[in-house]
Amino acid sequence: MVNEKLPKTTAEFETELIEIRHLFHQFPELSNEEFQTTASIRKLLLEADIEILDLPLKTGLVAQVSGNKNGPVIAIRCDIDALPIQEQTQLSYKSVNDGIMHACGHDFHTTAVLGSAFLLKQNEECLAGTVKIIFQPAEESGRGSLHILETGVLEEVEAIFGLHNSPSLPLGALGTRSGPFYAAVDRFEIEIKGAGAHAATPEKGTDPIVIAAQIVSSLQTIVSRNISAFDQALISVTQLTCGNTWNVIPETAYLQGTVRTLKAETRKLILDRIRQLSSGIATAFNASAEISFSDGPSAVYNDSKWTDFAFNVAEASGFITEEIPPELIGEDFSDYQKHIPGVFVNIGTGTPYPLHHPKFTVDDNILLKTAHYFAILAEAALHELTTG
Ligand SMILES: [Zn+2]
Ligand SMILES: [Zn+2]
């Protein structure tokens, strides 16, 4: 009874955070279905007397800690969703939700940022402004960033900070870079309409398989022939479906894949070339191609001032800092960066399996340090915005 009023020791706080993460890990939920996760976050925030903003969100939430209410506003963002993967770890707290796993470490992000919220709340009278703390749903699939942005909750936010754990960085390292950091992610689909025929009389049809093969080969010339060798881009055709037997030429072929780019102009050029090549080749073979793109998040682009700032705070917080090369994976953190300057950082966990692997783990030893880092970063950023 009395203990509740006493401030926690660092060791107690660390133990509490580790227990919270294990709980999130045990009950993972898919994108846009994070109901129990949201309820748990809400409960923990309310127990710490942290304000939760009233927003029309199905899952996820935004909390707020304010010192000087007339001061600047910044935001910290984490993601809370899991993946449709059957967990294959031997952890005592492994997922109990069949076929769903926190294989990207969003349980770690959620807990670290919750920890930052607790620390900021303890220190709220010293804050030069307001920190909005975003627990974003649906990062993996669903573009949860847009749900948050649509609420208008970030309109006054002047800087935004986000994180991802990185198994390939050593434990205790913080890596990021100024400028493009993660890629824009686009998906393309191409439906080729030819004309079916007996396999013995191809001259009576228009074979979509031959056309699809030409298109696949041609798409692989875009990066090598249309993009500067100093730029970075990638095209992968990941599905080619046509026909269902050995003696019939089918009528249609379907292919799809992904484009990853770091610059807006490269992205536009590649999408234009995919359209030109596919429809041009189909026309040349007397067929037609229907091409569609689903717009994914654009590239994560780190503001140079806030990147330097994040590195400086990291060094002062005992992290080893590392400027790391860009990656061609995607992150909808970029949606926030379209409106708000900010920086996305990687926290090294030095764990053996990559993101999205069924044996993926994070290292709890970096949880407390990450929570402290984001609390200090937020406090320092408010100070920086106040004093210029
Ligand atoms: Zn992921
Ligand atoms: Zn992730």
Side-chain angles (χ1 to χ4, degrees), residues 21 24-25 27-34 37-38 41 59-60 76-89 95 97 99-114 116 133-148 160-169 173-177 181-187 234 236 238 258 260 294 296-302 324 326-337 342-364 366-367 370 374:
R21 187 184 82 78
F24 285 132
H25 190 88
F27 300 99
E29 294 171 295
L30 295 175
S31 301
N32 285 321
E33 294 173 16
E34 311 91 336
T37 307
T38 304
I41 297 166
T59 54
I76 306 173
R77 172 273 204 177
C78 65
D79 41 14
I80 66 171
D81 56 330
L83 286 156
I85 293 176
Q86 186 69 46
E87 181 161 350
Q88 289 176 23
T89 71
S95 169
N97 293 345
I100 308 177
M101 179 189 175
H102 267 298
C104 205
H106 297 187
D107 51 339
F108 173 86
H109 307 160
T110 305
T111 312
V113 169
L114 256 175
S116 308
I133 305 146
I134 306 162
F135 295 89
Q136 186 204 298
E139 188 281 326
E140 295 288 359
S141 63
R143 214 72 187 272
S145 52
L146 299 180
H147 305 328
I148 302 284
I160 186 161
F161 305 97
L163 78 156
H164 210 289
N165 72 92
S166 170
S168 55
L169 270 182
L174 181 145
T176 187
R177 76 192 305 275
F181 185 33
Y182 285 10
V185 175
D186 292 288
R187 172 186 172 187
L234 174 150
S236 285
T238 54
T258 185
R260 307 290 167 111
S294 35
S298 51
V300 167
Y301 192 94
N302 287 333
I324 52 177
E327 292 193 63
L328 294 179
I329 55 174
E331 238 298 340
D332 66 4
F333 187 76
S334 60
D335 288 321
Y336 304 109
Q337 290 177 312
V343 58
F344 193 74
V345 302
N346 280 182
I347 304 290
T349 55
T351 42
Y353 295 98
L355 301 174
H356 295 205
H357 191 282
K359 290 185 179 170
F360 168 85
T361 53
V362 292
D363 191 328
D364 282 325
I366 201 68
L367 193 51
T370 307
F374 277 92

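For the single chain, residues carry numbers from 1 onward in sequence order. For clarity, every value in this text was computed on a predicted model and none was experimentally measured. As the structure lists them, so they are numbered: ligands from 1, and atoms in each ligand from 1.
Note on the Zn ion (ligand 1): protein N, O or S atoms under 2.8 Å away count 4, no waters included.
Taking the six-membered ring for Trp and thresholds of 30 and 60 degrees, Phe333 and Phe344 have ring planes inclined between 30 and 60 degrees apart.
A salt bridge does not link Arg143 with Asp332: every distance from a Lys NZ or Arg NE/NH1/NH2 to an Asp or Glu carboxylate oxygen is 4.0 Å or more.
Asn346 is not listed as a side-chain neighbour of Thr176, based on a closest heavy-atom distance of 4.5 Å or more.
Put simply, CZ on Phe374 and SG on Cys78 are 9.5 Å apart, with the number rounded to the nearest 0.5 Å.
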Note to self: Pair Arg260, Glu327 - check salt bridge (charged side-chain N to carboxylate O under 4.0 Å, His left out), show working.
What the structure shows: CA-CA 9 Å; Arg260 307 290 167 111; Glu327 292 193 63; over 6 Å; no
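The ring-ring contact (aromatic ring centres under 6.0 Å, His included) test with His106 singles out one residue from His25, His164, His356, and that residue is His164.
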